[in-house]
Amino acid sequence: MMFRYACLNPVSRVGLDCFGSGYESSSIEEADAVLVRSADMHQLSVPSNVKCVARAGAGVNNIPLMALAEQGIPVFNTPGANANGVKELVFAAMLLAARDVVGGINWAAGQVGNDQVAKDTEKEKKKFAGFELSGKKLGVIGLGAIGRLVANTAIHLGMEVYGYDPYISVDGAWNLSKNVQHSKDVKEIYANCDFITIHVPLMDSTRGMVSAEAFNLTKPTAVLVNLARDVLVDEQAAVQALADGKLGRYVTDFPNPTVLGKPGVIAIPHLGASTEESEDNCAVAAVKQVKDFLENGNLTNCVNFPNCQMGRCTSASRVGIFHENIKSMISQFTAVMTHVNIINMSNVSRNTLAYTLLDLEERPSEETIAAMEAIPGVYRVYVVK
């Protein structure tokens with residue numbers, strides 16, 4: 001069987017090569033899977049032939065998750081695949097804020113033809129002097145894949161690190177340095193830290209979370225680093241805080257009219273995950289998740305349906321059912337399957353959505369599949385084989 005995939009953005013060849021034989025590139029009108037990076041899918045009409053979407057990266061605000069869920073299309077992302085690239089830029093951002101490296105470079109660039117540049121350098125360098133990271137307090141808001149790497153690395157740089165994340169996973173806690181101090185209230189981060197870096201996903205509850213209230217607590221010399229999403233910060237309030245002397249620097253990876261040219265702002269052109277390694281890692285992870293779904297029906301790092309893994313498909317047939325999380329669904333499925341023996345099953349749910357994966361002794365008939373799809377609350381039935 002030949003599967004087809006479409007790329008809405010350029011995707012690393014290293015990742016696409018992981019598809020191997022049995023897969024070929026096509027238009028979205030013929031694709032089983034869609035790979036996307038930053039392309040806006042909200043206005044895109046996704047055809048019914050598409051069975052899954054994979055975001056080669058972590059953020060999915062460019063994808064209409066619920067609309068795709070109601071088509072029975074799972075959406076995957078690749079959290080952590082670009083974490084090291086973002087982590088390294090966090091420290092570059094802190095260094096740029098702590099020491100006026102950019103100002104110094106610009107001054108030096110203007111000295112072309114100055115035979116006395118070495119002498120003048122000794123006079124001028126004090127204008128660009130700054131301070132060191134070692135010994136400073138760093139507050140990390142969000143201890144996911146990126147936040148943990150930042151926190152652990154900062155410990156090795158001699159920083160005093162405070163972490164805030166009320167939703168940290170068990171695995172996340174195990175992978176966090178014991179030297180990271182736990183803040184139970186984010187206000188402790190704002191009030192006490194010299195550097196604050198934010199690494200939380202964009203949701204309704206986190207939009208604008210770093211607000212004027214936060215800047216009323218920060219040290220006047222504090223540096224806020226935002227390489228996550230611009231709208232996590234009330235940037236009008238941040239610019240005002242800089243002007244009022246309530247904040248020392250704001251480093252953002254998202255240039256926009258609100259912050260560009262404002263005193264105290266260092267704007268980086270969205271370079272957080274822009275490394276060859278990050279793009280390769282994200283593409284490889286996305287392709288592996290697409291293959292595992294198309295070939296086995298498994299959902300890994302799924303953002304609009306619950307994750308579900310039943311391993312490699314070794315049964316005669318496997319069927320995945322995307323449906324609403326309402327009562328009596330399983331009994332309706334089994335009632336339709338009266339002529340097919342179910343040898344293994346997994347049913348998982350998340351909020352209003354659910355996914356059921358069935359291993360069967362034989363492939364169900366087209367009539368059986370049609371009957372399953374006709375059950376109220378079923379979005380799609382995917383016959384893996």
Side-chain angles (χ1 to χ4, degrees), residues 83-84 86-102 128-168 172-200 206 208-229 232-235 237-253 259 263-266 268 272:
N84 189 70
V86 178
K87 176 208 76 176
E88 291 185 1
L89 193 65
V90 168
F91 287 97
M94 290 197 292
L95 289 167
L96 290 174
R99 309 179 71 169
D100 190 8
V101 177
V102 174
F128 313 111
F131 54 90
E132 299 177 8
L133 303 188
S134 180
K136 302 301 186 296
K137 294 180 179 180
L138 169 65
V140 182
I141 302 174
L143 295 168
I146 297 171
R148 291 196 302 272
L149 287 179
V150 170
N152 292 345
T153 301
I155 291 291
H156 293 295
L157 291 178
M159 302 186 80
E160 188 177 334
V161 182
Y162 296 79
Y164 172 78
D165 190 337
Y167 307 109
I168 188 170
W174 275 109
N175 287 296
L176 191 65
S177 169
K178 65 180 181 180
N179 295 313
V180 176
Q181 301 182 53
H182 178 209
S183 290
K184 296 182 179 179
D185 190 331
V186 71
K187 292 179 181 178
E188 297 175 5
I189 299 284
Y190 297 138
N192 297 318
C193 291
D194 304 294
F195 292 88
I196 302 165
T197 181
I198 182 169
H199 302 286
V200 300
T206 60
M209 65 176 289
V210 186
S211 62
E213 180 183 0
F215 299 124
N216 286 333
L217 298 173
T218 53
K219 295 180 179 181
T221 56
V223 174
L224 173 63
V225 177
N226 179 13
L227 271 61
R229 286 287 180 270
L232 295 171
V233 175
D234 181 342
E235 294 192 321
V239 169
Q240 189 62 50
L242 290 166
D244 294 343
K246 295 180 178 180
L247 184 68
R249 291 283 188 276
Y250 176 49
V251 189
T252 176
D253 205 22
V259 299
V265 172
I266 300 174
I268 302 170

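For the single chain, residues carry numbers from 1 onward in sequence order.
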Pair up each side-chain donor or acceptor in residues 90-97 with any protein partner under 3.5 Å, not counting sequence neighbours, and list the distances.
none

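- At a threshold of 4.5 Å between non-hydrogen side-chain atoms, the residues Val225 and Ile198 do not count as touching.
- For the atom pair OG (Ser211) and CG (Leu232), the distance works out to 12.0 Å, reported to the nearest 0.5 Å.
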Would you sort out whether Lys87 and Thr153 count as a side-chain contact (heavy atoms from CB on, under 4.5 Å), showing the intermediate values?
-> CA-CA 9 Å; Lys87 176 208 76 176; Thr153 301; 3.4 Å; yes
Between Ile141 and Val186, does a side-chain contact (heavy atoms from CB on, under 4.5 Å) hold up when you go through it step by step?
-> CA-CA 8 Å; Ile141 302 174; Val186 71; 3.8 Å; yes
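- At a threshold of 4.5 Å between non-hydrogen side-chain atoms, the residues Lys136 and Phe131 count as touching.
- Across all their heavy atoms, Val210 and Phe215 have their closest contact at CG1-CZ, 3.8 Å.
- You'll find the side chain of Ile196 reaches within 4.5 Å of the side chain of Thr218, heavy atoms only.
- In this structure, Asp253 contributes its side chain and Gly272 its backbone to a donor-acceptor pair below 3.5 Å.
- Qualifying side-chain contact (heavy atoms from CB on, under 4.5 Å) partners for Asp244, counting only residues two or more places apart in sequence or in other chains: Gln240, Lys246.
- Note that CD1 of Ile155 is 5.0 Å distant from OG of Ser177, once rounded to the nearest 0.5 Å.
- Residues Tyr250 and Asn226 have side chains in contact (heavy-atom distance under 4.5 Å, counting atoms from C-beta outward).
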Worked verdict on Lys137 versus Phe195 for side-chain contact (heavy atoms from CB on, under 4.5 Å) | CA-CA 6 Å; Lys137 294 180 179 180; Phe195 292 88; over 6 Å; no
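- Contact check for Leu242 versus Val265: side-chain heavy atoms found under the 4.5 Å cut-off.
- Scanning both residues, Cys193 and Ala222, for their nearest heavy atoms gives O-CB, 3.9 Å.
- Residue Arg229 qualifies as enclosed at atom CZ: its count of foreign heavy atoms under 6.0 Å is above 12.
- Looking only at side-chain heavy atoms (C-beta outward), Leu138 and Val150 come within less than 4.5 Å of each other.
- Summarising the local packing, CD of Glu213 is surrounded by 12 or fewer heavy atoms from other residues, nucleotides or ligands at distances under 6.0 Å.
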Give the intermediate values and the outcome of side-chain contact (heavy atoms from CB on, under 4.5 Å) for residues Arg249 and Leu224.
-> CA-CA 6 Å; Arg249 291 283 188 276; Leu224 173 63; over 6 Å; no
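- In this structure, Leu143 and Leu176 approach most closely via the heavy-atom pair CD1-CD2, 3.9 Å.
- Of all non-hydrogen atoms in Glu188 and Lys184, the two that sit nearest each other are OE1-N, 3.8 Å.
- A distance of 14.0 Å separates CE in Met159 from CG in Asn179, rounded to the nearest 0.5 Å.
- Shown here for Leu227 and Val86, the closest heavy-atom pair between the two residues is CD2-O, 4.0 Å.
- Applying the side-chain hydrogen bond (donor to acceptor under 3.5 Å, both in side chains) rule to pairs touching residues 189-200 yields Asp194-Lys219, Thr197-His199, sequence neighbours excluded.
- Taking every heavy atom of both residues into account, Val180 and Ala151 meet most closely at CG2-CB, 3.9 Å.
- Put simply, CD on Glu88 and CD1 on Ile146 are 12.0 Å apart, with the number rounded to the nearest 0.5 Å.
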